[in-house]
*Asks:* 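I have a structure I would like to understand better, so I am pasting it below and will then ask my questions one at a time.
To find a chain, count down the sequence lines: A is the first, B the second, and so on, and within it residues start at 1. Basis for what follows: all heavy atoms, side chains included, without hydrogens, waters or symmetry-related copies.
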Protein chains: 2
Amino acid sequence: MLPSSRVTIRDVAARAGVSIATVSKVINQRYGVAEETNARVLAVIEELGYEASLVAQSLRNRRTNVIGILVADLEPFSTELLKGTADAIRGTGYELVIYSAGGRTSDHVGWERRYLSRLSGTLIDGAVLVTPTVTDVRYDAPIVAVDPHTGPSDLPTIDSDNLHGARLATEHLLGLGHRRIGMLTGRPDLQSAQLREQGYRAAMHDAGVPVEPELVQEGAYDPEIAVDAARRLLAGPLRPTAVFAANDLSAIAAIDVARDLGLRVPEDLSVVGFDNVPESALCTPPLTTVNQPIRQMGQRAVELLIQLIRDGQVPSTHITLATKLVVRRSTHSPAERTPLDH
Amino acid sequence: MLPSSRVTIRDVAARAGVSIATVSKVINQRYGVAEETNARVLAVIEELGYEASLVAQSLRNRRTNVIGILVADLEPFSTELLKGTADAIRGTGYELVIYSAGGRTSDHVGWERRYLSRLSGTLIDGAVLVTPTVTDVRYDAPIVAVDPHTGPSDLPTIDSDNLHGARLATEHLLGLGHRRIGMLTGRPDLQSAQLREQGYRAAMHDAGVPVEPELVQEGAYDPEIAVDAARRLLAGPLRPTAVFAANDLSAIAAIDVARDLGLRVPEDLSVVGFDNVPESALCTPPLTTVNQPIRQMGQRAVELLIQLIRDGQVPSTHITLATKLVVRRSTHSPAERTPLDH
DNA sequence: GTGAAAGCGCTAACAG
DNA sequence: CTGTTAGCGCTTTCAC
């Protein structure tokens, strides 16, 4: 009874005793089909559980009503963003395809160009690129970038106020009385990472606190790399009393390292993150961090993209959302340094 | 210089001065291409930034090396699961496509059948169905279900020990001294929801505590529906002193409703959730909940699916992972009821 | 070693 | 109103 393999338009046509073209017309509600034929074809479609192949359709058509979200990996930031894209897609008539490179193992740099090339023109009408690694993704297909690569780019972009957020984080630590404040920086090729470091340096500078080179270590937004960086930062006798990490995952890694080293957080070491992903509240102690409206960023990105697809034009080409500090339990005034400190 | 529209195999062929067939052979590393031709074509591919269209390829080929994850919506549970699928996909040579219906607005029931129909046979080699709404998705394509629909199904399945988890949650509340314990149930068509209710009832029964009908309200795993259900549960004078919600999102909704009603959590009302999604730690107070190893479930689902695709067979067809209680701050011994209580 | 031609499932002219 | 035909981008026999 059930078809062992995919039921195609040809099966429907055969069973309904009409041509393939007629079935296609019925599916697409084109004029010029007799009421009776229409009904019969519809019945067969129902009976066979036929559904047009997205692949075949999109090979033939220009439009697919499918939007692609291209991510390098599925981690807290990108998945949080996905929730926002889902919010925005409801009721628009578009569907969502998320394509994931499967982490850094596959292709280093330029994954989004490759994916775009593979999917665009067919399958998707446009794409949201999440933290793309290249800047010159010029295509005729509508594209919106979230947290883009550094460098000049004319792509419509969504990001948040990284500079201000980093300033807030650093000023918070300075305000608590910290002077020796280290930083775990992000992926150097991303604008967001550069701005976060810049904000940190600016706040330190304004407070008249010098930043020694060894206080800044590259965490690359990556938990594993951040662990090594945190070790370098916290190992020496001159370790900082506070650390600002460029994202929450690095901050959590730093807390783990601190614990391994026998340091208490926040008593011996204050830690501030960035992003405010849900996970930041899960760690012990709950993380003080900078909130980025990630879901909203996803939402706005999709809205912008749909506008771009529909009108080909867009009013504002760069949207920056506000960041704000969220104080939890991982920050504290610095303890008096005792000779016992290793 | 840059192609204004998609560069196809035809463009490559023309520029390299060979036939389309030859380019295809080069791409697929088939034998029978002169070394020199091979090099020239490769150079042109590089120059033009050509990448084969996934759509065209998969229309022609049986295998695509792409796995589909089909979800009804992108919410905390499914996105957490996605992280697990990403963990599992690394290094397998497969890529991940997630397809989202975009929430309940689109099609009520049977979305997964529709999607499967649209994608399977073409585009994806197999699929993971997350909380599918129907049980008879029989297809020749390999399929694994996560948290499936109720009813007999021979689909390979991943779930967690819902019955035991619900028991733990309820016994925790009973142990604190609660007797009037309400429940916000899940989506009645899902096995998980039924088992969670069953576990609750069993624990209550074992403790000799009767369950009055009005103590059980359907939250459908949906925050909005759960708000109404919670209102019904908490409005009356005989309101429970504790609520067990079938998932974290409902539990969080219950806490919101309690707050609106002027009830303090946990002093006036204890709340336990289910899932332990990251968000559960974010709410105030942090939620006591039942941990489901969601990421692991995603991981196992993908592993099982790949096995199924490769071997056509699979050793175990139903994997159930353990659940455990995570006590946070939303539960407490019941307060003495005073006449002031509304 | 290379290219012409057929066909994957579908849609859009165009004839009949 | 309906069916025939061409072709989307690609792979694969099969001649040359």
*Asks:* Between D11(A) (CG) and dG9(C) (P), how many Å, whole number?
*Replies:*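 Those two atoms, CG and P, are 8 Å apart.
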*Asks:* Nearest to the A21(A) side chain among dG3(C), dG9(C), dA12(C), which nucleotide is it?
*Replies:*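 Of all the options, the side chain of A21(A) is nearest to dA12(C).
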*Asks:* If you check every side-chain atom of L59(B), which of dT12(D), dG9(C), dG3(C) has the closest atom?
*Replies:*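 For L59(B), the side-chain atoms sit closest to dG9(C).
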*Asks:* Rounding to an integer number of Å, can you tell me how far N65(A) CG sits from dT11(C) C1'?
*Replies:*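 It works out to 15 Å between those atoms.
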*Asks:* Please tell me which of the listed nucleotides, dT2(D), dC10(C), dT11(D), lies nearest to the side chain of K25(A)?
*Replies:*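 Taking heavy atoms from C-beta onward, the closest nucleotide is dT2(D).
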*Asks:* Please figure out whether T37(B) or E51(A) has its closest DNA chain C nucleotide nearer the 5' end.
*Replies:*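 The residue whose closest nucleotide sits nearer the 5' end is T37(B).
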*Asks:* Just how far, in rounded Å, is P of dT2(C) from CD of E36(B)?
*Replies:*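 Interatomic distance, CD of E36(B) to P of dT2(C): 9 Å.
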*Asks:* Given dG9(C), dT2(D), dT12(D), which nucleotide is nearest the side-chain atoms of T8(A)?
*Replies:*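 Of the options given, the side chain of T8(A) lies nearest dG9(C).
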*Asks:* Does R62(A) pair with D125(A) as a salt bridge, N-O distance under 4.0 Å?
*Replies:*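 So R62(A) does not pair with D125(A) through a salt bridge.
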*Asks:* Can you tell me the distance, in whole Å, between the CD1 atom of I27(A) and the P atom of dG9(C)?
*Replies:*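 Going from CD1 in I27(A) over to P in dG9(C) covers 13 Å.
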*Asks:* Could you tell me the separation between the CG atom of N28(B) and the P atom of dT11(D), rounded to a whole number of Å?
*Replies:*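 My rounded result for the distance is 5 Å.
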*Asks:* Choosing from dG9(C), dC10(D), dT2(D), which nucleotide comes nearest the side chain of S53(B)?
*Replies:*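 The answer is dC10(D), which lies nearest to the side chain.
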*Asks:* Nearest whole Å is fine: how far is dG7(C) C1' from R10(A) CZ?
*Replies:*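 Answer to the nearest Å: 9 Å.
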*Asks:* Could you state the OH-P distance from Y31(A) to dA13(C), rounded to the nearest angstrom?
*Replies:*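 Whole-Å distance recorded here is 16 Å.
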*Asks:* If you find the nucleotide of DNA chain C closest to G32(B) and the one closest to N61(A), which residue's nucleotide is nearer the 5' end?
*Replies:*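 Result: G32(B).
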*Asks:* Establish, from distance only, whether the side-chain atoms of T131(B) and D147(B) form a donor-acceptor pair under 3.5 Å.
*Replies:*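 T131(B) vs D147(B): no donor-acceptor pair found between side chains.
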*Asks:* Between dG9(C) and Q57(A), is there an OP1 or OP2 to side-chain N/O distance shorter than 4.0 Å?
*Replies:*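 Checking Q57(A) against dG9(C): no side-chain N or O falls below 4.0 Å of OP1 or OP2.
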*Asks:* Ignoring hydrogens and angles, state whether a donor on the side chain of E95(B) or Y115(A) is under 3.5 Å from an acceptor on the partner side chain.
*Replies:*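 A donor-acceptor contact under 3.5 Å links the two side chains.
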*Asks:* Using a 3.5 Å distance criterion without hydrogens, assess whether the side chain of R40(A) forms a donor-acceptor pair with backbone atoms of A16(A).
*Replies:*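 Answer holds: yes.
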*Asks:* Nearest-nucleotide wise, let me know which of V55(B) and R30(B) is further upstream toward the 5' end of DNA chain D.
*Replies:*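 Between the two, 5'-proximity favours V55(B).
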*Asks:* Closest approach to the side chain of A34(B), judged atom by atom: which nucleotide of dT2(C), dG9(C), dT11(C) is it?
*Replies:*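 Of the options given, the side chain of A34(B) lies nearest dT2(C).
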*Asks:* Side-chain N or O of T22(B) less than 4.0 angstrom from OP1 or OP2 on dG3(C)?
*Replies:*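 So the side chain of T22(B) is within the cut-off, an N or O lying under 4.0 Å from OP1 or OP2 of dG3(C).
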*Asks:* From C-beta outward on V18(A), which listed nucleotide comes closest to its side chain: dC8(C), dG3(D), dT11(C)?
*Replies:*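 Side chain of V18(A) sits closest to dG3(D).
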*Asks:* Would you say a side-chain N or O of S24(A) is under 4.0 Å from OP1 or OP2 of dT11(C)?
*Replies:*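 Yes, because at least one side-chain N or O of S24(A) sits under 4.0 Å from OP1 or OP2 of dT11(C).
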*Asks:* Can you confirm whether the side chains of Y221(B) and E75(B) place a donor and an acceptor under 3.5 Å from each other?
*Replies:*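 There is no such pair between these side chains.
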*Asks:* In whole angstrom, what separates Y50(B)'s OH from dT11(D)'s C1'?
*Replies:*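 Nearest whole value for this atom pair: 10 Å.
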*Asks:* Quick check: do R295(A) and L81(A) have side-chain heavy atoms less than 4.5 Å from each other?
*Replies:*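 Not touching, per the 4.5 Å side-chain cut-off.
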